[in-house]
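What you see is a predicted model; the values in this text were computed from it and never measured. To find a chain, count down the sequence lines: A is the first, B the second, and so on, and within it residues start at 1. Computation of the quantities below employed the complete heavy-atom set of this structure, encompassing side-chain atoms and omitting hydrogens, waters and symmetry-equivalent molecules.
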Amino acid sequence: MISVTFPDGAQRLFSPGVSGLEIARGISPSLAKRTVAMALDGVVSDLADPITKDAKIEFVMREDPRALELIRHDCAHVLAEAVQALWPGTQVTIGPVIENGFYYDFARSEPFTPEDFAAIEKKMRELIARDAPFTKEVWSRADAISFFEKKGEAFKVELVGMIPADQDLKIYKQGEWLDLCRGPHMTSTGKIGAAFKLMKVAGAYWRGDSNKPMLSRIYGTAFAKQEELDAYIKQIEEAERRDHRRLAREMDLFHFQEEGPGTVFWHPKGWTLFQTLINYMRRRQQAEGYIEVNTPQVLDRALWETSGHWQTYRENMFVTTTEDERVFALKPMNCPGHVQIFKNGLKSYRDLPMKIAEFGIVHRYEPSGALHGIMRVRAFTQDDAHIFCTEDQIMEEAMKVNDLIMSIYEDFGFTDVVMKLSLRPEKRVGSDEVWDKAEAALKRVLDKVAETGMKTGINPGEGAFYGPKLEYTLRDAIGREWQCGTTQVDFNLPARFGAFYIGDTSEKLTPVMIHRAMFGSLERFTGILIEHYAGALPLWLSPLQAVVATITRDADDYGRGVIAAARKAGLHVEGDLRNETINYKVREHSLAKVPVMLVVGKKEAETKSVSIRRFGSQAQVSMGLAEALAALKDEATAPDLKRAG
RNA sequence: GCCGAUUUAGCUCAGUCCGGUAGAGCAACCGCUUCGUAAGCGGUAGGUCAUCAGUUCGAAUCUGAUAAUCGGCACCA
């Protein structure tokens, strides 16, 4: 007999092989009916699975958070059955659960269109209403291969061959239809319910490999309750409302045009914001002992051969050949330039650590399909720095970078940050011994940071070609994640360029180079800020902080005085003295997300005051002009300057 | 780069299926109006319909190519 422990602590004995369903039925038929799966010692599995040893059992209901994944996975199976019913001959491949739903990849000569969704969803509802039980069978490889071959399911045959020999080959049936699947599933298709929706169609490579065939993917999502589905759709709409491409047009920040794909035309307001970020970063770095430099935009091919970029990233570089047949490349990175500055003049161990910073504009020929607004462009500005130091100094310097990064993110309103360590990739330079050292150093930083309570993780195989890296991912106001900062330890580049310093025993030593960026790309960070704040930037970042709007012509002279005074106080201010109603002006500047409106009419002119209306609020506050400007000036002061007093 | 979609006035879009030479709202401009916190009224002007070819008596509309953009995939030093 085996002992089964229930959530309330009670234990009961059953004969080995008893199923969760049998146990549930023994307790009450209604429990058995409501239960969709079980968790054995915390592992979710089919309710019909036999229990063979002592275990803790929990019955998982449809509303259980753990059932959400099952609902979605089951929904993917039903989607596949519906598609095959509607379009016989379509091959099925895989249909996993993903963060906000699921997808299923199909092989079909004709791709799907969103117009097909109504028919597919209708079919799915039929299949769900049929409420066929999910049943599991374990097949032999030979049976599975011959079955799928006969059905013309070439991709499934390939999948069967990929399942490790020590694993059971599981087949899940739902009525007539079946799929190779690792499970688990709920008890029947009816448990999926009605809160599902097909979202979009897309192409996707078989097994994520761009050399393999392109499949037709259908994305969908499902929830336990309709309200949750509605909330999710609302959240998507909210994200669209925040889209930086749309907000940038409304706020007149920048534009793109055909002649410069992936390169930004910054408008005055956008450039003001951009410069605010640079000025802030410059102050923060200067306070930490960084020195700022500037290195050439175009450099000879020979330098990129030495650095290794030519061999590794040639296809992503903008290359130009001059009249005299010399080959140059636009810099895709600043590091080689900074090594040249380090190399120029003899350096001693006393000069280390040497922190060379640059707001470096880099050009990378990104694949056309990768471009995305200002988030992924072909020319962007990095807040780049390279710390030349000794091996012994790596840990301390990386920790200092960490502290600076965290403090900076906090100033911008990002407090939820995750740090991940990316280890050696397949395509790399340098010996394994050197990689061991570099990875060990960053691992120590990761561990130390983890002790402070920060979330950390490891990405195997995702390091840069010259060294491992720590990556900082921040989460924005609506929960999306953005990778921004990075700290990379490099034992390779300085040696490749023959950089050295004189040690305390007079011998020549090769420095270690720490690459680091905090914003990452200024362009991308600007985009993240726009979306994070939904365009309503805090006053210190806002490129247009206030608009002075007059009510009638009588107030024009006073209004002009207010504009001049505000500008004198250092505020970014515009006037709106147009012959329009105050309602009209308020509406227009609200749509443009101007943080502050200073409304002036006869009353204000007489009392030398302003009526303040803040973006997002209808309240009006009357205040003396001098007092109002002082308050706004204080609010518009960057956080680091405020701390300095 | 790959799969799919899109491209018409500054913006949002109709017209394309079924070929006959382009339309709305907002914005702009000009008047009138002088108004107290999210659209006052009237008028005017604005488009080689993404580009290049082809079919046709005739192309925004049909065909092909190219480009950019959008959604994914792949990529992201």
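- Nucleotide B:rU21 forms no Watson-Crick or G-U wobble pair with any nucleotide shown, as no partner meets the under 3.5 Å limit on both distances.
- Salt bridge status for A:Arg242 with A:Glu238: present, with a side-chain N to carboxylate O gap under 4.0 Å.
- When Watson-Crick and G-U wobble pairs are counted only if both distances are under 3.5 Å, B:rG31 pairs with B:rC41.
- Of the residues A:Glu580, A:Lys585, A:Arg578, the one that meets the side chain to side chain donor-acceptor pair (under 3.5 Å) test with A:Thr550 is A:Lys585.
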What does the list of N/O pairs under 3.5 Å between the protein and nucleotides 40-51 of chain B look like, with a distance for each?
unit_1	atom_1	unit_2	atom_2	d
B:rG40	OP2	A:Thr581	OG1	3.3

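- Atom CZ in A:Arg578 sits about 12 Å away from atom P in B:rC30, given to the nearest Å.
- With salt bridges taken as basic N to acidic carboxylate O contacts below 4.0 Å, one links A:Glu531 and A:Arg480.
- Using the Watson-Crick or G-U wobble rule with both distances under 3.5 Å, B:rG36 pairs with nothing in any strand shown.
- Residue-to-nucleotide contacts include a donor-acceptor pair under 3.5 Å from the side chain of A:Ser611 to the base of B:rU37.
- Remark: the backbone N or O of A:Val429 is paired with a side-chain donor or acceptor of A:Trp435 at under 3.5 angstrom.
- Nucleotides B:rC29 and B:rG15 place their P atoms 31 Å apart, quoted to the nearest Å.
- Rounded to an integer number of Å, the gap from CG of A:Leu198 to C1' of B:rG4 is 16 Å.
- Judged by the 6.0 Å and 45° rule, A:Arg217 forms no cation-pi pair with A:Tyr205.
- A cation-pi geometry, defined here as NZ or CZ lying under 6.0 Å from the six-membered ring centre and within 45° of its normal, holds between A:Arg108 and A:Trp87.
- The nearest whole Å value for the distance from the NE2 atom in A:His589 to the C1' atom in B:rG36 is 15 Å.
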Which parts of nucleotides 69-77 of chain B does protein reach within less than 4.0 Å, heavy atoms only, written one letter per nucleotide 5' to 3' as B for base, S for sugar-phosphate only and - for none?
SSBBBBBBB
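- Between the CD1 atom of A:Ile551 and the C1' atom of B:rC35 there is a distance of 9 Å, given to the nearest Å.
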Atom pairs, protein N/O to nucleotides 11-14 of chain B N/O, distance under 3.5 Å:
unit_1	atom_1	unit_2	atom_2	d
B:rU12	OP1	A:Arg249	NH2	3.2

Run the side-chain hydrogen bond (donor to acceptor under 3.5 Å, both in side chains) test on A:Thr295 and A:Glu358 for me, step by step, so that the C-alpha distance in whole Å, both residues' side-chain angles and the decisive distance to 0.1 Å come before the verdict.
CA-CA 8 Å; A:Thr295 59; A:Glu358 175 174 6; 2.8 Å; yes
